[in-house]
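Just so it is clear: chains get the letters A, B, ... in the order the sequence lines come, proteins before strands, and each one is counted from 1.
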2 protein chains.
Amino acid sequence: MAGNTAVPGTTVTSRVLALLTAFDEQHRELGLSALAERAGLPLSTAHRLVGELVDGGALVRTPSGGYAVGRRLWDVGLLAPVESDLRRVAEPFLNDVHAATRATVHLAVRDDVEVLYLERMTGRASVPVVSQIGSTLPLHCTGVGKVLLAHAPVDVQRRVLADLRRVTPYTVTQPGLLLQQLERVRRSGMATTSEEMTLGACSVAVPVRRGDQVVAAVGVVVASLRRDRTRLATALQVAAQGIGRSLG
Amino acid sequence: MAGNTAVPGTTVTSRVLALLTAFDEQHRELGLSALAERAGLPLSTAHRLVGELVDGGALVRTPSGGYAVGRRLWDVGLLAPVESDLRRVAEPFLNDVHAATRATVHLAVRDDVEVLYLERMTGRASVPVVSQIGSTLPLHCTGVGKVLLAHAPVDVQRRVLADLRRVTPYTVTQPGLLLQQLERVRRSGMATTSEEMTLGACSVAVPVRRGDQVVAAVGVVVASLRRDRTRLATALQVAAQGIGRSLG
DNA sequence: GCTAGAACTTCCGCTGAGCGGAAGCAATCC
DNA sequence: GGATTGCTTCCGCTCAGCGGAAGTTCTAGC
């Protein structure tokens with residue numbers, strides 16, 4: 001038979017990680033072939049490694065015969081120190097905002113040219129929300145994203161402005177207009193969006209400051225801003241200040 | 001030099017998983033030696049694999065020179081379908097309980113002979129709480145645990161009763177007494193604990209039923225039950241019924 | 001029921017990625 | 001200075017891993 005033809009310089013570890021990271025928000029479940037293709041591995045190699053990962057509890061077979069991330073990886077992943085101080089400190093303040101507004105509340109940080117969502121409390125109203133804890137979205141079309149972008153280094157802003165993808169008909173895709181908005185965000189200490197990411201969803205967000213650094217953003221998603229933009233902003237500012245103070 | 005002396009029959013995958021699962025609640029950060037020992041690997045093997053895992057973002061170096069679980073594993077782990085329907089459905093009801101009581105609220109399921117915490121909302125009061133999302137605790141000394149144990153199969157109950165570890169001076173360690181309590185839990189539809197897991201913390205919990213099966217438990221942790229045990233139980237029962245109905 | 005195709009599983013001989021003891025290095029303590 | 005602890009590098013042996021190919025099961029369309 002053929003013998004070993006693996007790409008030299010690769011490791012089993014890298015292949016295992018390629019398999020694990022083949023899963024994402026849109027692909028929580030994958031068949032073997034899809035998994036192999038997304039990981040860039042030959043089918044039989046993927047088959048063996050996936051079997052070992054299932055044995056170790058890192059993956060599980062789904063009822064429909066595919067594969068998904070397993071319990072073992074879930075509880076190990078939760079141990080990751082991803083802004084854990086910020087998340088711990090912020091939790092009670094986010095609860096307050098949620099209790100006061102009954103809207104979907106977000107805590108997010110900037111991850112290079114994207115927003116990374118750290119916490120989310122789902123609101124009561126049926127406003128469509130696409131964010132997921134642990135996933136990222138573009139900076140230019142979400143409330144927390146605009147806040148983080150407005151206080152990001154110039155080179156980050158430049159890179160974002162160079163690629164303003166249209167997500168909905170209302171997404172701001174003109175660099176000049178967005179720059180104006182960012183200036184207003186810095187002045188007013190608050191950002192808003194209206195159906196720029198998701199139709200039927202508007203948002204308000206404010207920065208969380210540690211000293212004079214903006215380290216995160218808190219925001220809410222609602223169906224309309226007509227009624228109570230000010231009330232929402234006030235609740236968020238109270239929370240943001242509380243979080244900032246608690247961060248010391 | 002020596003040459004290859006690896007334990008036959010083991011795979012790189014299993015060694016990688018051994019390294020990842022060396023981390024737990026009590027060991028969120030580990031030095032290389034500790035990591036190697038906990039994974040049962042020779043130091044130099046661990047050194048190489050850990051380096052590859054760091055390159056892949058599965059682990060990160062901490063400021064103090066140790067290792068911790070990385071961002072990559074965090075967001076992959078969050079994709080795991082661990083009771084995800086239950087968690088999604090339960091979230092708004094848990095919010096209600098939290099808003100009404102301002103106490104620490106838990107959603108938990110039974111994982112063999114332990115409670116697995118799925119969700120937690122931290123309360124305002126400074127009541128000590130040891131539970132962590134993704135981690136497990138004994139069934140016999142927590143509120144949600146007693147609920148789940150009371151409705152567990154007989155063989156699970158037998159195994160738990162055979163090993164009632166004392167955690168605090170108030171932990172119930174007499175099988176007979178615990179059996180009486182479990183009977184009362186089934187009759188009254190509610191379990192309580194008083195400093196049986198953590199000094200200074202009491203709890204109330206009720207079962208979540210899907211049809212006639214108990215599939216989970218919701219509970220609150222407070223400093224004392226003297227005042228409002230009934231109010232807490234009522235709030236929990238409303239939530240548990242709502243969750244059960246939503247599960248269909 | 002039959003056939004076509006896709007998806008999954010098993011086989012097996014070649015080989016270089018992985019292995020780990022040992023030596024080297026760095027920081028900390030007494 | 002010497003001892004201890006902990007991390008990093010080295011290197012030649014060897015078997016775990018590799019993947020093309022063949023075999024098997026599942027699904028769909030007719």
Side-chain angles (χ1 to χ4, degrees), chain A residues 1-24 26-70 81, chain B residues 1-24 26-70 81:
Chain A
M1 308 291 163
N4 187 337
T5 48
V7 179
T10 58
T11 62
V12 177
T13 307
S14 70
R15 285 186 269 265
V16 166
L17 292 180
L19 284 170
L20 297 183
T21 54
F23 294 92
D24 64 23
Q26 280 73 46
H27 304 85
R28 288 165 175 269
E29 181 179 345
L30 291 167
L32 181 61
S33 313
L35 200 40
E37 181 171 11
R38 289 173 63 86
L41 296 176
L43 200 58
S44 62
T45 300
H47 181 258
R48 180 173 32 82
L49 292 179
V50 163
E52 291 169 7
L53 288 169
V54 170
D55 288 345
L59 299 180
V60 286
R61 305 223 63 159
T62 60
S64 54
Y67 296 92
V69 179
Chain B
M1 306 291 164
N4 187 336
T5 48
V7 180
T10 58
T11 63
V12 177
T13 307
S14 71
R15 285 186 269 264
V16 166
L17 292 180
L19 283 170
L20 297 183
T21 54
F23 294 92
D24 64 23
Q26 280 72 47
H27 304 87
R28 287 167 176 267
E29 181 180 343
L30 291 168
L32 181 60
S33 314
L35 200 39
E37 181 171 10
R38 289 174 62 87
L41 296 175
L43 200 57
S44 63
T45 300
H47 181 258
R48 178 173 33 81
L49 292 179
V50 162
E52 292 169 7
L53 289 169
V54 170
D55 288 345
L59 299 181
V60 287
R61 305 223 61 160
T62 59
S64 55
Y67 295 92
V69 178

Original post:
Do A/V69 and A/L20 pass the side chain to side chain contact (heavy atoms under 4.5 Å, CB included) test, and can you show the C-alpha distance, the side-chain angles, and the key distance before you say yes or no?
Top reply: CA-CA 8 Å; A/V69 179; A/L20 297 183; over 6 Å; no

**OP:** Verify the distance criterion only: is there a donor paired with an acceptor across the side chains of A/E52 and B/S14 at less than 3.5 Å?
**Re:** no

Original post:
C/dG21 P sits how many Å from B/L41 CG, rounded?
Top reply: 11 Å

**OP:** State whether A/R15 places a side-chain N or O below 4.0 Å from either non-bridging phosphate oxygen (OP1 or OP2) of C/dA17.
**Re:** no

Protein and nucleotides 7-9 of chain C: nitrogen or oxygen contacts under 3.5 angstrom:
from	atom 1	to	atom 2	distance (Å)
C/dC8	OP1	A/L32	N	3.4
C/dC8	OP2	A/S33	N	2.9
C/dC8	OP2	A/S33	OG	2.4
C/dT9	OP1	A/R61	NH1	3.4
C/dT9	OP2	A/H47	NE2	3.4
C/dT9	O5'	A/H47	NE2	3.4

Original post:
For B/L59 and B/F23, what are the C-alpha separation, side-chain angles and deciding distance, and is it a side chain to side chain contact (heavy atoms under 4.5 Å, CB included)?
Top reply: CA-CA 11 Å; B/L59 299 181; B/F23 294 92; 3.7 Å; yes

Subject >> 5' priority, DNA chain C, between A/T13 and A/R48 [closest heavy atom] >> reply: A/R48

Original post:
Can you tell me how far OG of B/S33 sits from CZ of B/R38, rounded to the nearest 0.5 angstrom?
Top reply: 13.0 Å

Original post:
C/dG18 P sits how many Å from A/L49 CG, rounded?
Top reply: 11 Å

Original post:
If we ignore angles and hydrogens, is there a donor and acceptor under 3.5 Å between the side chains of B/T45 and B/R15?
Top reply: no

Subject >> Rounded distance in Å - CG (B/L19) to P (C/dG18) >> reply: 14 Å

Subject >> Separation of atom CD in A/E52 from atom P in C/dT10, rounded to whole Å >> reply: 13 Å

**OP:** Determine, step by step, whether B/V16 and A/L17 satisfy the side chain to side chain contact (heavy atoms under 4.5 Å, CB included) criterion, reporting the C-alpha distance in whole Å, the side-chain angles of both residues, the deciding distance to 0.1 Å, and the verdict.
**Re:** CA-CA 10 Å; B/V16 166; A/L17 292 180; 5.8 Å; no

**OP:** Return the value, rounded to whole Å, for the distance between atom CD of B/E37 and atom C1' of D/dC7.
**Re:** 15 Å

Original post:
Side chain of A/P42: nearest nucleotide among C/dG20, D/dG19, D/dG17?
Top reply: D/dG19

